[in-house]
Amino acid sequence: MGWWQINNLSLRRRFFLLSFSIILVFSVAVAATLFAAQKNKLERSLENKGRGLARYVSSVCTDALILKDTLQLDALVAELHDDEIIYTVIEDEQGNALTTAIASLNSSRAKLKPYLDRLPPDAPIGTIIAALKKDLDVVELSQTIMVDSSVQGAVRIGLSKHNIQAQLLRQTAIILVGMLFMSLTLAIALNVAANRLVLRPVSELARVADQLTAGNMAARVTSSSVGEIETVCRSFNLMAQRLEGDIAELKRAEASVRLAQESQEAILNSMPDLMFRTDRDGVIKEFHSSAMNLLYLPPEQFMGRSIPDILPEEPARIIMAALAEAEKNGSHRGAVYSLALPQGEMWFELSVTAMGTPCTGFIMLARDVTERRRMVEEQQQLEKQLLHSQKLESLGVLAGGIAHDFNNILMAIMGNAELALMRTNKESPAIGNLRSIEQASARAADLAAQMLAYSGKGKFIIEHLDLNRLLQEMLHMLEVSISKKAVLQFDLAESLPHIEADTTQIRQVIMNLVINASEAIGERNGTISVKTGSIECDRSYLRNVWQNEELPEGLYVYFEITDTGCGMDDDTLAKLFDPFFTTKFTGRGLGMAAVLGIVRGHKGAIVVYSEPDLGTTIKVLIPASDQRAEPARPQPTASVPWQGAGNVLLVDDEETVRNIGSEMLKELGFSPITANDGKEALEAYQATPDIRLVILDLTMPNMDGDQCLNELKKIAPGVKVVMSSGFSEVELKQKFLGKEVAGFIQKPYKLSELREILRNVSPGT
């Protein structure tokens, strides 16, 4: 049993083991003494026995020894029979054996067979005896044979100690068993007495002490004893009772203190604010907060240091001024400062309270107000953008309305001029006047187109467009359009997605922006860079673009035009998209407002970066298309002028449009029937048979074009309707998607445009 096992035993078991071990050791010592005495006694007895046998043999073999009668000598030694005799040998005076090995080993030959088998069969007796002495525990006794005082030889008898050892083992076992029983009996008796008087009370004291240590303060000593031990037990119980009361009181006090500390720690560590306790000089003594990422330095780098030593000059000045005011007035609220942190610039609002009277230090709370400031700035920006959007929307509605009415007037002018040119003799002097009217009308139509572009409702011919190819086709035109001192550079992205756009309008936007960039460079040397690419736009990115209302998140294709010119200040940027605003000479049209209108019409947006003397970057974003561009299809050309026939219903609320439209239809071979609004159109359609198609205006009083189309479809599901409006074809197609409209024509239109539309709608007429 190891020491650690003994050490874990109870006191009674250890006392029993100790007493038993002492008694057992004593008993073993006594048994060993008895064993040694008995062994000496048995060995002396064996030796005496051997000497007696040797004397007997020497007395009876004298005559045979003198005669050298080996047969008689063999007979003498063979007659000796004893379990302890191993060999008997008679030797002459020279020490030569006169007896044979067979006779000498006669009595013990069977027992010695395992040892004799190891020797040669003819081995002499001397060799055999030497081998037996080596392998066996043998006591050899020798008796000299004397005849008339002369030595005639000797008798050697070898006796085995085996019987002695067996007898010793039996006696030793008996002694040990007795001693063990006696030791156990004495140990038990001694342990019973000691346990009653000492061990049980002491063990009880130890048990109760362990329970008290484990927290069982109600444990008491219950065993009794006599004398001093009993006094110790009573004193121990009294001490435990007093200790129980003291510990209960201490636990109540500790629980109250722990609850207060935990509450305070939880409150301080859960605060989103940064809490610092400083002395009067601004040296930080304590810190608490759950927002560790808002710290300017790790706690180990600012604890014990003053605020001016750890913060930049301006924030330190603000905080120290707040501390001075708090020392004077007791508290301070509202100081704001900023710090440059890894996540960016952060803003904090300060709250300081002085401690003690007079002041011994300060409690300082720093609250993160970055998000609040950002929200205020974003709100102001959104309000500014909303105001601007409302202004643009109002102007756009006004421009669209004016352009719509203007187009109706222009249609009468352009149509009459075109018809007059067709019907006037080529030699007439009025031809020049009519062409001047036609050219002026075209310029007026361009102005109306700009106004519609500004309102986002211009005339678009949508197709799938490869922006890189468009820019490469425009390269030469752009190079000759810019200043000679400006260098044009292209950086076109590979595998650029296509967009759905009007090629002419996008070309106009690119040309406008590149010319603006050239004018910004002026007479200085500079660079104009045109870059394309695609970008995934999320809501946060789209919040910071021009005209960001209801733009969906997703993939956008962009072209970015950057110049190294004079740049723009904030005031200029604020007016950049105002109608007719320009930094050059006046009278240049709608300018960037028209660009914004075209981009808005394509569901896109514009991002502007500019600083004075650092140049300008304008990025135009257009939603990417998931379809590939289709090759342009050549328009069919008519070999002979096309003529129509049959009744055509022309519906428009403008009399001038109805008049000129009727003239154009007659010129094309049709029989026109006119109506002022949707209701008249339905009545005319029902009253007139064989109406081949209807040219229907979109905006009319009483019943507009959309409602009239629905009613016409109810009357004749197969009716062919061409929608006419001043708005873009794209907007009309989206509005009438799925309503089986035969075609669209945008006002003001020429006779050639009307001919092409009607030929496509009714080619067999």
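Owing to the predicted nature of the structure, the values given are computational and were not obtained by experimental measurement.
Contact detail for Leu754 and Ile745: the closest heavy-atom pair is CA-CD1, 3.9 Å. Among all heavy-atom pairs drawn from Ala624 and Ile499, the shortest one is CA-CG2, 4.5 Å. Across Val514 and Ile528, no two heavy atoms sit closer than the pair O-CD1, 4.1 Å.
Within the 4.5 Å cutoff, the side chain of Phe559 has heavy atoms near those of the Val509 side chain. Annotation: side chain of Val722 is in contact with side chain of Ile757 (closest heavy-atom distance under 4.5 Å). Put simply, the side chain of Ile510 does not reach to within 4.5 Å of the side chain of Val620, judged on heavy atoms. Side-chain contact check for Thr688 versus Leu649: every heavy-atom pair is 4.5 Å or farther apart. Annotation: side chain of Gln707 is not in contact with side chain of Glu711 (no heavy-atom distance under 4.5 Å). Side-chain contact between Val595 and Met592 is present, with heavy atoms from C-beta onward closer than 4.5 Å.
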Residue pair Leu751, Leu668: steps toward the side-chain contact (heavy atoms from CB on, under 4.5 Å) verdict = CA-CA 8 Å; Leu751 179 63; Leu668 294 176; 3.8 Å; yes

For Val607 and Tyr558, run side-chain contact (heavy atoms from CB on, under 4.5 Å): C-alpha distance rounded to whole Å, both residues' side-chain angles, the deciding distance at 0.1 Å, then the answer.
-> CA-CA 10 Å; Val607 182; Tyr558 68 85; over 6 Å; no

Apply side-chain contact (heavy atoms from CB on, under 4.5 Å) to the pair Asn647 and Ile691, showing each step before the final yes or no.
-> CA-CA 5 Å; Asn647 297 324; Ile691 293 180; 4.3 Å; yes

Step by step, work out the side-chain contact (heavy atoms from CB on, under 4.5 Å) result for Val651 and Cys708.
-> CA-CA 10 Å; Val651 187; Cys708 183; 5.5 Å; no

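Put simply, the side chain of Asn512 never gets that close to the backbone of Gln508: no donor and acceptor are under 3.5 Å apart. Of the possible donor and acceptor atoms, one in the side chain of His602 sits under 3.5 Å from a partner among the backbone N and O of Asp502. Checked by atom type and distance alone, the side chain of Glu560 never pairs as donor or acceptor with a backbone atom of Lys531 at under 3.5 Å. A distance-only check finds no donor-acceptor pair linking the side chain of Ser625 to the backbone of Glu500 [under 3.5 Å].
Residue-environment remark: CD (Glu611) stays at or below the threshold of 12 foreign heavy atoms within 6.0 Å. Within a 6.0 Å radius of CG in Asp690, other residues, nucleotides and ligands contribute 12 heavy atoms or fewer. Residue Glu655 qualifies as open at atom CD: its count of foreign heavy atoms under 6.0 Å is 12 or below.
A distance of 12.0 Å separates CE of Met700 from CD of Glu654, quoted to the nearest 0.5 Å. In this structure, CE in Met474 is found 4.5 Å from CE in Met511, a value given to the nearest 0.5 Å.
Residues forming a salt bridge (Lys or Arg N to Asp or Glu O under 4.0 Å) with Asp704 (at least two apart in sequence, or on another chain): none. Cys537 pairs by the side chain to side chain contact (heavy atoms under 4.5 Å, CB included) definition with Ile535, Tyr541, Leu542, Tyr556, Leu621, not counting sequence neighbours. With sequence neighbours excluded, the residues that form a salt bridge (Lys or Arg N to Asp or Glu O under 4.0 Å) with Asp652 are Lys747. For Arg373, there are no salt bridge (Lys or Arg N to Asp or Glu O under 4.0 Å) partners, not counting sequence neighbours.
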Output a table of donor-acceptor pairs, distance under 3.5 Å, between side-chain atoms of residues 481-497 and any protein atom two or more places apart or on a different chain; print 'none' if there are none.
residue	atom	partner	partner atom	Å
Ser481	OG	Met477	O	2.6
Ser483	OG	Lys485	N	3.2
Lys485	NZ	Glu523	O	3.1

Would you tabulate the side-chain donor-acceptor contacts of residues 672-685 under 3.5 Å, counting partners in other chains and residues two or more places apart, or write 'none'?
residue	atom	partner	partner atom	Å
Asn676	OD1	Arg658	NH1	2.9
Asp677	OD1	Lys679	N	3.2
Asp677	OD1	Glu680	N	3.0
Asp677	OD2	Asn702	ND2	2.8
Glu680	OE1	Asn676	N	2.9

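We find that Lys750 and Glu753 are not joined by a salt bridge, their nearest charged nitrogen and carboxylate oxygen being 4.0 Å or further apart.
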